[in-house]
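Predicted model, so just to flag it, every value in this text is computed and none were measured. First listed ligand is number 1; within each ligand, the first listed atom is number 1.
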Amino acid sequence: MMAMDEAVRQPGAAPVVLRLDRLRKEYRPGLPVLKDITLDFDKSGVTAIIGPSGTGKSTLIRCVNRLVDPTSGSIWFEGADIAQVRGSALRAVRRRIGMVFQEYNLVERLTVMENILTGRLGYVPLWRAYLRRFAEQDIARAFELLESVGLGADFANRRADKLSGGQRQRVGIARAIMQSPALVLADEPTSSLDPKTSVEIMELLADISAKQSIPVIVNIHNVELAKRYARRIVGMTGGNVVYDGKPDGLTAQHLSEIYGGEEWQ
Ligand SMILES: Nc1ncnc2c1ncn2[C@@H]1O[C@H](COP(=O)(O)OP(=O)(O)O)[C@@H](O)[C@H]1O
Ligand SMILES: [Mg+2]
């Protein structure tokens with residue numbers, strides 16, 4: 001470990017929302033992709049996870065929302081170790097974790113409003129979900145979110161497949177926040193977007209994180225974007241964390257260690 005930002009880890013600081021304790025993942029026995037990762041995440045701001053392709057960034061995120069089963073270690077979230085939970089307990093955990101995807105994962109033939117409301121599906125009875133009958137307060141909240149992601153009520157009845165990439169990602173973010181999550185995970189949320197739209201989406205994630213006090217963990221390729229919008233950078237290489245600290249502490253030397261090569265000097 002090359003750097004450890006004391007401000008991030010000070011005892012008595014903001015309560016920890018998520019704690020990974022020696023988290024290990026082996027897809028094939030004896031070949032760990034995550035090598036006993038230990039990280040705490042508190043309530044404030046965006047944490048960017050950077051590192052080369054294949055280093056385990058997506059695996060880390062998928063372990064937390066349990067799309068992937070960790071091999072060993074703990075994932076403390078809302079007072080429980082969720083590393084091995086199943087069934088209804090797992091569904092309850094997933095309600096509390098909003099996901100934002102590279103390819104948006106919207107239901108293309110549904111409207112913007114319907115897509116945002118699917119963020120409530122974990123909360124409403126199945127028959128109401130099936131009939132797409134949502135409570136008035138949920139609909140009111142969805143309209144609020146539509147505004148706060150910068151789309152506005154005009155978009156409510158547009159079909160998802162008629163939107164641009166940036167607009168889709170705004171809907172994806174609104175859907176995630178509609179869940180009332182305690183944590184948001186975003187796996188390469190800007191990788192399908194042009195540079196200008198990427199900036200806007202990172203700005204939106206940082207804004208929502210700050211205003212709603214939701215920690216956001218973002219896997220991101222673009223180091224400049226990470227440095228600009230994250231309050232903490234976690235640099236991974238080969239399944240290990242090799243940098244954990246503030247963006248302005250991340251030097252060319254750290255980047256060489258994370259990505260290899262000399263081109264950062
Ligand atoms: N479902 C899987 N089964 C087997 N190997 C996988 C699976 N998912 C990812 N891997 C492997 O784990 C390593 C880390 O992948 P990933 O977490 O996707 O990295 P990153 O997101 O940093 O690019 C890679 O070598 C990848 O091939
Ligand atoms: Mg990935």
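- Both tests pass for Arg232 against the ring of Phe41: distance under 6.0 Å to the centre and angle within 45° of the axis.
- Note that OG of Ser72 and CZ of Arg24 are 6.0 Å apart. Values are rounded to the nearest 0.5 Å.
- Taking the ring centre of Tyr229 as origin, the terminal cationic atom of Lys227 falls outside the region bounded by 6.0 Å and 45° from the ring axis.
- The heavy atom nearest to atom 14 (C) of ligand 1, out of those in Gly239, Gly54, Gly238, is found in Gly54.
- Inter-residue side-chain proximity for Val100 and Gln169 is flagged as met; some heavy-atom pair is nearer than 4.5 Å.
- Interface of Pro52 with ligand 1, defined as ligand atoms under 4.0 Å from a residue heavy atom, comprises 22 (O).
- Taking NZ of Lys35 as the reference point, atom CE of Met236 lies at 9.5 Å (rounded to 0.5 Å).
- Counting only N and O atoms by type, the side chains of Thr197 and Glu200 include no donor and acceptor under 3.5 Å apart.
- Those atoms of ligand 1 with a heavy atom of Ser53 less than 4.0 angstrom away are 23 (O).
- Residues Ile37 and Val33 do not share a hydrophobic cluster, clusters being chains of Ile/Leu/Val/Met/Phe/Trp/Tyr side chains in contact below 4.5 Å.
- Atom 3 (N) of ligand 1 has Tyr27 CD2, 3.4 Å as its closest protein atom, hydrogens excluded (heavy atom only).
- Across the listed options Gly56, Gly51, Ser58, Ser58 owns the non-hydrogen atom lying nearest to atom 21 (O) of ligand 1.
- Applying the 4.0 Å criterion to heavy atoms of Thr55 picks out, from ligand 1, the atoms 19 (O), 20 (P), 22 (O).
- No more than 12 heavy atoms of other residues, nucleotides or ligands sit less than 6.0 Å from atom CZ of Arg19.
- Looking at ligand 1, you won't find any N or O of Val33 less than 3.5 Å from one of its N or O atoms.
- Proximity of atom 9 (C) of ligand 1 to the protein is indicated by at least one non-hydrogen atom lying closer than 4.0 angstrom.
- Looking from atom 15 (O) of ligand 1 to the surrounding protein, the closest heavy atom is Thr59 OG1, 3.9 Å.
- Counting only heavy atoms, the protein never gets under 4.0 Å from atom 27 (O) of ligand 1.
- Among the atoms of Ser58, an N, O or S atom falls under 2.8 Å from the Mg ion (ligand 2).
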